[in-house]
Every structure is written in structure tokens, then in C-alpha cells.
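The structure appears below as C-alpha cells.
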Amino acid sequence: MGSFSDFKKKSKSSIDQLVQKMQQDNTKNDYKDDRFWRPKLDNAKNGFAVIRFLPAIEGEDIPWVKLYSHAFQGPGGWYIENCLTTLGQKDPVSEMNTQLWNSGLDSDKDLARQRKRKLNYISNIYVVSDPAEPSNEGKVFLFKYGQKIFEKIQEAMQPEFKDEEPLDPFNFWNGANFKLKIRSVGGYVNYDKSEFDSSTALLGGEDEKLEKIWKSQHALKSFVDPTNFKSYDELKQKLFDVLKGDIRGSGAAPSRTAEDVDEEDLKEKKPSIRSKPPVEEQVDEETDALDYFKKLAEE
């Protein structure tokens, strides 16, 4: 333990350090985790980079984790939380969305869509080329991506046509670089043009270089560790606060449940609400990771 005199000397400059930390905390970027790589877009919201998906680290079975979350705004502020369905548990927002969907009202379905689960994956990547930020090249990062990019990975591993060879995108030696091509289509970030290059060994397959990369990768299990999720009761209270106790978050009358709908409603709405699966299985789960981070920044 240091002496009190040393502590006293340091205390004279502590105000500067505190002010600097406060300024950092007040910036819009305070949510950022430097372990994550994010593609930089130009003014037209286009971007290009070449990355390499990396294999699972020691002690982990697969090179990605699947994470559900919710991000929406109500009269009481933002609700930005991990969804317990990631862990196979019931979640209050998912339950609320099912109730809204099953009310038979189109306005309620719109709310359910706005508050639906956001599906993201997290993997380790090696940045091969990043023209917008060359300092990132040759480094290992975490990469958070949505369903569209994951579908590209699935297509590479299980090609549709017989003349196409299966590819393991996460393999050091038999994998392939991924050309990330980002465009703005209809005001939304689009990844349709992204594609895998032909199979080639990363860094020429030199074991010494690959081992260094492998050992510098980040653990993924922590992102789905139950300790990083709030309890059902905590999330329910947060949801109550954000929506001000109103399922619609508008001060309107409470939504009708399936038991409240009479036979006339059932005749008007087809198919019967009792035959519909939960909303989380009906609505499109694809989300853009950049949009999610934008919402975080606006919190």
C-alpha cells in the first residue's frame, strides 16, 4: 500500500482526471467496447472491408454466439436489454408482444413489430483490409452482425447447388476472406452484395502467425452468461417503467387478451387468434447491428 503522502500528491491532480473521465462518459461513444470492430461508412452510407471469421477458441465449441435483445422507446425512456429467450427462458417483452399480436388489432401488431427481438451474432474476426480505417488491419476484433450475414455463412457451409464445394468460413487453412459490402437501400443498411472469396489459407497458413491470432481471440461465452442478464422480475419492472404501466405505452386502454375477444371478433379476424403462434415466431427477426448501436448512442 502506498504512503499517505503519495496519495496527497496525487489528489492535487485528481480533479483533472475526474473531469476527463466525466467528459468521456458524457460522449455518445461511451457505450463502445474497443474489442468490437465496426465498419465505417461514408456519407452515402456505403462501406467496404475484407474480414476473416476465426475459429472457436480453446474451451468453446462453436465460433459464434447467438444473442437476442430488445431496443425500443416508450414514454418512460428507452428499453435496451438482453432478452431472456437467449437462455431459453421466458421474457416479459416476448410475452407482451404475443399478447399484442393476439389482440387482433393491426395497431397492436405494429407495436409488436417495433418491439420485437433483435437477433445478433458475435464472432471473432481478423481484419484483412479496412480502407476507411487502415490501423485496424492485421488485428483481431469481435464482430457483431445480423441474420443476413449469418445466412451468407450458412450458404457457404451448405451450398445450394451440387457444383459448389462446402466451405468452412471459420477455418484458418480452408476458410475464405469475407468481402463486406455495405450499401444504403431504401434508407436501410444492406449487406446483400457481401460475399466470400475463394478458399485460401489465412496469412499463408504459417502456424506461428496463426497461433498468435488464435491466442489473441476473445472468449464468447461471457455474452450468454446468465449473470449478464437481468432477472425476469427486473426486466418486468423496467418494462413497466418504460411503458408507464400501459402495454401500448400510449395511455390507451389495456390491450384485450385472447380470453376477452368475443365471437364477432373471431369472425372478422382470420385465422383465429387462438391458432396463431407467438409473435416472436411470426415477425421477421433480422436486424442491423449498426442500427442497434445507433439506438444505444441515442439513449
Side-chain angles (χ1 to χ4, degrees), residues 36-39 47-57 59-70 82-83 85-88 94 113 116-130 140-186 188-202 210 213-214 217-224 277-293:
F36 281 86
W37 175 80
R38 299 171 184 83
F48 176 79
V50 180
I51 61 176
R52 183 76 171 232
F53 289 97
L54 300 178
I57 66 170
E60 297 187 348
D61 298 325
I62 56 176
W64 70 80
V65 289
K66 184 177 180 180
L67 182 66
Y68 286 111
S69 60
H70 291 282
N82 289 334
C83 180
T85 58
T86 301
L87 308 178
S94 296
R113 291 188 182 98
K116 68 182 181 180
R117 295 183 303 184
K118 308 297 189 295
L119 173 59
N120 279 297
Y121 298 85
I122 300 175
S123 292
N124 281 284
I125 63 164
Y126 176 85
V127 178
V128 178
S129 175
D130 188 351
V140 172
F141 292 94
L142 290 167
F143 179 44
K144 194 172 189 177
Y145 53 99
Q147 181 66 18
K148 176 60 66 176
I149 292 179
F150 191 74
E151 287 176 358
K152 300 278 186 183
I153 293 173
Q154 287 179 304
E155 290 169 4
M157 298 177 72
Q158 298 176 307
E160 183 178 359
F161 300 100
K162 292 182 178 180
D163 64 338
E164 297 175 336
E165 290 292 330
L167 170 73
D168 178 2
F170 302 93
N171 191 287
F172 276 142
W173 299 273
N174 302 315
N177 294 341
F178 184 68
K179 294 184 287 189
L180 186 65
K181 301 177 181 180
I182 307 171
R183 300 177 300 150
S184 177
V185 178
Y188 293 92
V189 176
N190 182 281
Y191 300 96
D192 287 347
K193 295 290 185 178
S194 300
E195 60 183 347
F196 282 99
D197 209 336
S198 56
S199 177
T200 183
L202 180 61
L210 296 180
I213 291 175
W214 185 63
Q217 291 178 218
H218 307 281
L220 300 178
K221 285 184 177 179
S222 61
F223 292 102
V224 290
V279 63
E280 300 296 353
E281 297 176 14
Q282 295 187 49
V283 295
D284 178 19
E285 294 174 338
E286 181 176 343
T287 186
D288 170 34
L290 293 176
D291 182 60
Y292 181 66
F293 280 117

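Sequential numbering from 1 along the given sequence is applied to the chain's residues.
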If you define the side chain from C-beta out and look only at heavy atoms, does anything of [X] sit under 4.5 Å from [Y]?
X      : Y      : value
Leu142 : Phe223 : yes
Pro55  : Asn171 : no
Phe48  : Ile182 : no
Phe141 : Ile51  : no
Ile125 : Val140 : no
Asp192 : Arg183 : yes
Lys144 : Phe36  : yes
Leu54  : Phe172 : yes

Quick check for you: to the nearest 0.5 Å, what is the distance between [X] atom [atom1] and [Y] atom [atom2]?
X      : Y      : atom1 : atom2 : value
Gln154 : Glu160 : CD    : CD    : 13.0 Å
Tyr145 : Asn120 : OH    : CG    : 10.0 Å
Ile153 : Gln147 : CD1   : CD    : 10.0 Å
Tyr191 : Lys148 : OH    : NZ    : 11.5 Å
Lys152 : Lys193 : NZ    : NZ    : 9.0 Å

Taking every non-hydrogen atom, the tightest pair across [X] and [Y]:
X      : Y      : value
Thr85  : Cys83  : OG1-SG, 2.9 Å
Leu87  : Val224 : CD2-O, 3.4 Å
Pro169 : Ala156 : CG-CB, 4.0 Å
Pro63  : Ser123 : O-OG, 3.0 Å

| Do Arg52's NZ or CZ and the ring of Tyr126 fall within the cation-pi criteria of under 6.0 Å and 45°? |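 The answer is no, since Arg52 fails at least one limit relative to Tyr126.
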Between the main-chain N or O of [Y] and the side-chain N or O of [X], is there a donor-acceptor pair closer than 3.5 Å?
X      : Y      : result
Ser194 : Lys181 : yes
Ser129 : Ala49  : no
Asn124 : Gln217 : no
Trp214 : Ala56  : yes
Lys116 : Ser94  : no
Thr86  : Leu67  : no
Ser199 : Gly175 : yes

| Audit row: Asp130, Val50, side-chain contact (heavy atoms from CB on, under 4.5 Å) steps and yes/no | CA-CA 7 Å; Asp130 188 351; Val50 180; over 6 Å; no
| said: Ignoring hydrogens and geometry beyond distance, is a side-chain donor-acceptor pair present between Arg117 and Ser69 at under 3.5 Å? | reply: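 No, because no side-chain N or O of Arg117 sits under 3.5 Å from a partner of the opposite role on Ser69.
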| message | Check the orientation of Phe196 and Phe178. Use parallel for under 30°, tilted for 30 to 60°, and perpendicular for over 60°. | response |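 Answer is tilted, since the angle falls between 30° and 60°.
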| request: I would like to know whether Leu210 and Trp173 meet side-chain contact (heavy atoms from CB on, under 4.5 Å); could you show each step before the answer? | output: CA-CA 9 Å; Leu210 296 180; Trp173 299 273; 3.6 Å; yes
| request: Run the ring-centre check on Trp64 versus Phe53 and record whether the distance is less than 6.0 Å. | output: no
| Residues forming a side-chain contact (heavy atoms from CB on, under 4.5 Å) with Glu60, sequence neighbours excluded | Ile57, Ala219, Leu220, Lys221
| So Lys66 and Leu119, side-chain contact (heavy atoms from CB on, under 4.5 Å) or not? Walk me through it. | CA-CA 7 Å; Lys66 184 177 180 180; Leu119 173 59; 3.6 Å; yes
